[in-house]
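First the structure, in the form of structure tokens, and then the observations on it.
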Number of protein chains: 2
Amino acid sequence: MPARGRRTTRPSGDERQSAILSTTEHILAEGSFDDISIEDIAAGAGISRPTFYFYFASKDEVLLALLDRVITEVEHRVQSLSRDFEADPAGSWQRSIGAFVEVFSEHRAVAAATTTARLRNAEVQTLWSRSLQSWADYSTDVITQELARGAAIPGPSASDLSIALNLMNERVLSATFGGDTPSITEADAVSTLSTIWIRSIYGSDLPLH
Amino acid sequence: MPARGRRTTRPSGDERQSAILSTTEHILAEGSFDDISIEDIAAGAGISRPTFYFYFASKDEVLLALLDRVITEVEHRVQSLSRDFEADPAGSWQRSIGAFVEVFSEHRAVAAATTTARLRNAEVQTLWSRSLQSWADYSTDVITQELARGAAIPGPSASDLSIALNLMNERVLSATFGGDTPSITEADAVSTLSTIWIRSIYGSDLPLH
DNA sequence: TGACGGTATCAACACCGTGTCGACTTAATC
DNA sequence: GATTAAGTCGACACGGTGTTGATACCGTCA
């Protein structure tokens, strides 16, 4: 059992593991994921490159762990939101979108890295797809309910609509946080996205409530 | 001057250059841009790797040339479209979006490669940004006119709205052509996107005309 | 016709990042 | 103090990139 309150001669495995994670998120804040080498991460965590491989199989595995934490955080944040689409549809959508924006704003480095890694790594792709799909499923359910009570207007299938809107959010936020051209400012992002969601779902700015 | 109608002992420089371009687009159709090496391209074009560097400074330069051709094609296609937003706003938007979908559908390999290369290569980023910006500028102008004649409804700035919608198209089409999960089918893409554009701009499915 | 010069070609090399192997050290356990 | 599991890293092999320098081809002009 490792000594408690007294420094052991070597940091424990868990300390090393989390040093790698936090160093990576830290380095990620200033450089792109593709530009940082495992050497950089290892150096930042105070270990040699081969030792890095004792903890993670690759750079992508580290990102996977970071991404997992972010996704879990989004889930919690969105779940703990007070929403009542019947009473206040516009506000409910806006608060949900706002929650996403907040979390991705806080972890923009991880989000940006995911965007690049997803394109070449199947596991990252899968993890991200699963989340996107679950958000799309949730939106689809709400839209279907809104259609049933006559608030939303018919048109494209609820699922196509919700997929397109979720993908829009992903791309717009990635542009905003990445400072791309063209992009919309962080201040305008939530209201612009919410307006598009609401008009697309209800065909109006003032849905029935 | 090179012989005409008679084969010279070596293919000319121009032939090599275009062999590199077409080979690259061809190889790109089955593998991702990141996975193909300069060796692959050179072999496909019947030259050695160093000789490749005589024609292009890097793999990315090849993509840049391919992308340039695709962007030019989109421009031509969209310009030659008959549009009259006052007479038929919904149809005009739908035809414009349809033109994009067609071109990117034909050159999906180049579009996919651009998506990945943009993230690490500044020149690709710039070229793509410029096009995106010019399409967004065009949409902004039309939305502004539609607002002036009282057909579009006020809300987010015309430019924020148009940037968000253009980015949505980019992401949704990339998912569709890449067969991502979640994504919408190629058959449903144009109608879903058009509906979102029209409802977001006019606040209704049947804009004034 | 022959030598000049731009165009084109490629073998060989230097470099960098990844991932692996095997030998070594450290610390808990019996 | 012997054994075992966990942890560490020097040294290597590999694969892809980009460069260099020597050489071949070919149109042209004296």
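Model, not experiment: these values are computed from the prediction. Convention: sequence-line order gives letters A, B, ...; per-chain numbering from 1.
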Using the side-chain hydrogen bond (donor to acceptor under 3.5 Å, both in side chains) criterion, which residues pair with B:Ser194? Sequence neighbours excluded. none
With B:Gln133 via side-chain hydrogen bond (donor to acceptor under 3.5 Å, both in side chains) - residues at least two apart: B:Asp137
Closest heavy-atom contact between A:Leu167 and B:Ala175? CD1-CB, 3.8 Å
Heavy atoms of B:Ile196 and A:Leu165 approach each other most closely as CD1-CD2, 4.1 Å
Closest to the B:Phe54 side chain: D:dG7, C:dA12, C:dT7? C:dT7
Roughly how many Å is it from CD in A:Glu39 to C1' in D:dC9, rounded to a whole number? 12 Å
Is there any protein nitrogen or oxygen under 3.5 Å from a nitrogen or oxygen in nucleotides 14-16 of chain C, and what are the pairs?
none

B:Asp40: what forms a salt bridge (Lys or Arg N to Asp or Glu O under 4.0 Å) with it, not counting sequence neighbours? none
Whole-Å gap separating P (D:dT19) and CZ (B:Phe56): 16 Å
Can you tell me which residue pairs pass the salt bridge (Lys or Arg N to Asp or Glu O under 4.0 Å) test with a partner in residues 155-184 of chain A, sequence neighbours excluded? A:Arg118-A:Glu170, A:Glu170-B:Arg171, A:Arg171-A:Asp180, A:Arg171-B:Glu170
Take the protein atom CD of B:Glu61 and the nucleotide atom C1' of D:dG18, then report the distance between them rounded to whole Å. 14 Å
Can you give me every donor-acceptor pair (side chain of residues 101-109 of chain A, partner residue at least two apart or in another chain, under 3.5 Å) with its distance?
unit_1   : atom_1 : unit_2   : atom_2 : d
A:Glu102 : OE1    : A:Arg77  : NH1    : 2.5
A:Ser105 : OG     : A:Arg108 : NH2    : 3.1
A:Ser105 : OG     : A:Glu186 : OE2    : 3.0
A:Glu106 : OE1    : A:Arg77  : NH2    : 3.3
A:His107 : ND1    : A:Glu25  : OE2    : 3.1
A:His107 : NE2    : A:Glu73  : OE1    : 3.0
A:Arg108 : NE     : A:Ser105 : O      : 3.0
A:Arg108 : NH2    : A:Glu186 : OE1    : 3.3
A:Arg108 : NH2    : A:Glu186 : OE2    : 3.2

Side-chain N,O (A:Thr51) to OP1/OP2 (D:dG7) below 4.0 Å: no
Would you please name every residue forming a salt bridge (Lys or Arg N to Asp or Glu O under 4.0 Å) with A:Asp88, sequence neighbours left out? A:Arg95
Got a sec? Which of residues 19-38 of chain A come in under 4.0 Å of DNA chain C, heavy atoms? A:Ser37, A:Ile38
Return the value, rounded to whole Å, for the distance between atom CD of A:Glu15 and atom C1' of D:dT8. 16 Å
Examine C:dC10: is either OP1 or OP2 under 4.0 Å from a nitrogen or oxygen in the side chain of B:Tyr53? Give yes or no. no
Let me know the distance between CD of A:Gln17 and C1' of D:dG7, rounded to the nearest Å. 13 Å
Got a sec, which residues hit ring pair (Phe, Tyr, Trp, His ring centres under 6.0 Å) with A:Phe33, two or more places apart in sequence or on another chain? none
Taking atom P of C:dT18 as reference, at what distance in whole Å does atom CG of A:Asp40 sit? 8 Å
Can you measure B:Arg120 atom CZ to D:dG16 atom C1' for me and round it to whole angstrom units? 13 Å
Euclidean distance, atom CZ of residue A:Phe52 to atom P of C:dG19 [Å, nearest integer]: 8 Å
Please determine whether a side-chain nitrogen or oxygen atom of B:Tyr55 lies at a distance below 4.0 Å from atom OP1 or OP2 of C:dT7. no
